[in-house]
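Below, read A as the first sequence line, B as the second, and so on, with proteins coming before strands; counting in each chain starts at 1. Any value given below was found using the heavy atoms of this structure, including those in side chains, with hydrogens, waters and symmetry copies removed.
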Number of protein chains: 2
Amino acid sequence: MKKITIGEAARQSGVKVPTVRYYESIGLLAAPSRSEGNQRSFEPADISRLAFIRHARELGFEIDAIRTLLTLQDDPHQSCASADAIAKARLIEVEQRIRSLMALKAELETMVEGCGHGRVDQCRVIEVLADHGQCTHPHH
Amino acid sequence: MKKITIGEAARQSGVKVPTVRYYESIGLLAAPSRSEGNQRSFEPADISRLAFIRHARELGFEIDAIRTLLTLQDDPHQSCASADAIAKARLIEVEQRIRSLMALKAELETMVEGCGHGRVDQCRVIEVLADHGQCTHPHH
DNA sequence: CTTGCACCTCTAGTCGCTAGAGGATGTAGG
DNA sequence: CCTACATCCTCTAGCGACTAGAGGTGCAAG
């Protein structure tokens, strides 16, 4: 029975050590058993769980959504409708965010292109910021 | 001399009342004069400044960047090189964020499409989350 | 004169960590 | 066995940019 320290767990899962403790503190990860000297001793299953969490975080899922996804994973006989719904909701969020960022990109490009690199009173960056009416995409 | 209340200022600038007070507290907006009853009394210039801040925030600039942009605006004889640099940096950030969100979008689409709406143990959403190796775009 | 909204200050909470203090434990070399 | 050093422990506080709420005051209309 090999004991996995928190440092090992962090290295293998790609989650930082304080973050592992944080996940335990908010109940996302069950408190592992302890060594004689009170040090955490993880199981391989904990590493998988941490990797799952990390991956979901990278995909932008919120902690609460991950909590739900994890309880689904823990009970494989449930319907996956909730998991599907969470992923779909996240997809819609991402699509909206992309659209909104594209509008910002266009706005910023106009600003940067229009800047004659002279003095501030001719600067298009400052000018556009001061007057929203000059925006080409007014919907932000 | 009409006195503009904080509520009026908020309505006209599109910044919420507590946020106006917050901006004052962090020194982004000069503390306005007060009425006899200790209520804030804003000038039209404050409304413009608030609108500027709001617009910049909508474009995703951080408070510190806005602080710099505002000092530039306050002194129109300066070179606009800093403003240009700030806008360019923000543009690069936005472009990177868009690229990364596109990768996430592809990932989420694969997950959602692959979901057979059955039980969790056949669910592609859960499966992909558990195993990063299944990602089509491994670079996140 | 009273009702009720808008204003005031202050503190604490949000999210998802991250940093640091101050101390205990575990391990490798001498 | 001792020492040095990395790693671990708990705890509190901080980040950014607000937001919420408590508890109280000002002001204008009916």
Does any pair with a residue in residues 77-89 of chain B pass side chain to side chain donor-acceptor pair (under 3.5 Å), and if so which ones, sequence neighbours excluded? A:His117-B:Asp84, A:Arg119-B:His77, B:Asp84-B:Lys88
Where at least one partner belongs to residues 14-25 of chain A, residue pairs that pass side chain to side chain donor-acceptor pair (under 3.5 Å), sequence neighbours excluded: A:Glu24-A:Arg40
What is the separation between atom [atom1] on [X] and atom [atom2] on [N], rounded to the nearest whole Å?
| X | N | atom1 | atom2 | answer |
| --- | --- | --- | --- | --- |
| B:Ile53 | D:dG16 | CD1 | C1' | 16 Å |
| A:Lys3 | D:dT7 | NZ | C1' | 13 Å |
| B:Arg40 | D:dG26 | CZ | C1' | 14 Å |

Between residues 12-35 of chain B and DNA chain C, which residues have a heavy-atom gap below 4.0 Å? B:Arg21, B:Arg34
Under 4.0 Å from any atom of DNA chain C, heavy atoms only: list the residues of residues 63-72 of chain B that qualify, in numerical order. none
Apply side-chain contact (heavy atoms from CB on, under 4.5 Å) to [X] and list each qualifying residue two or more places apart in sequence or on a separate chain.
| X | result |
| --- | --- |
| A:Glu127 | A:Arg124, A:Gln134 |
| A:Thr5 | A:Glu8 |
| B:Ala56 | A:Leu129, B:Phe61, B:Ile66 |

Is A:Glu58 salt-bridged to A:Arg54, cutoff N-O under 4.0 Å? yes
Nearest heavy atom decides the nucleotide; on that basis, is A:Phe42 or B:Glu36 closer to the 5' end of DNA chain D? A:Phe42
Residues forming a side-chain hydrogen bond (donor to acceptor under 3.5 Å, both in side chains) with [X], sequence neighbours excluded:
| X | answer |
| --- | --- |
| A:Gln122 | none |
| A:Asp74 | A:Arg49 |
| B:Glu93 | B:Arg90 |
| A:Asp75 | none |

Nucleotide range of DNA chain C contacted by chain B, 5' to 3', under 4.0 Å to a heavy atom? C:dC7 to C:dT9
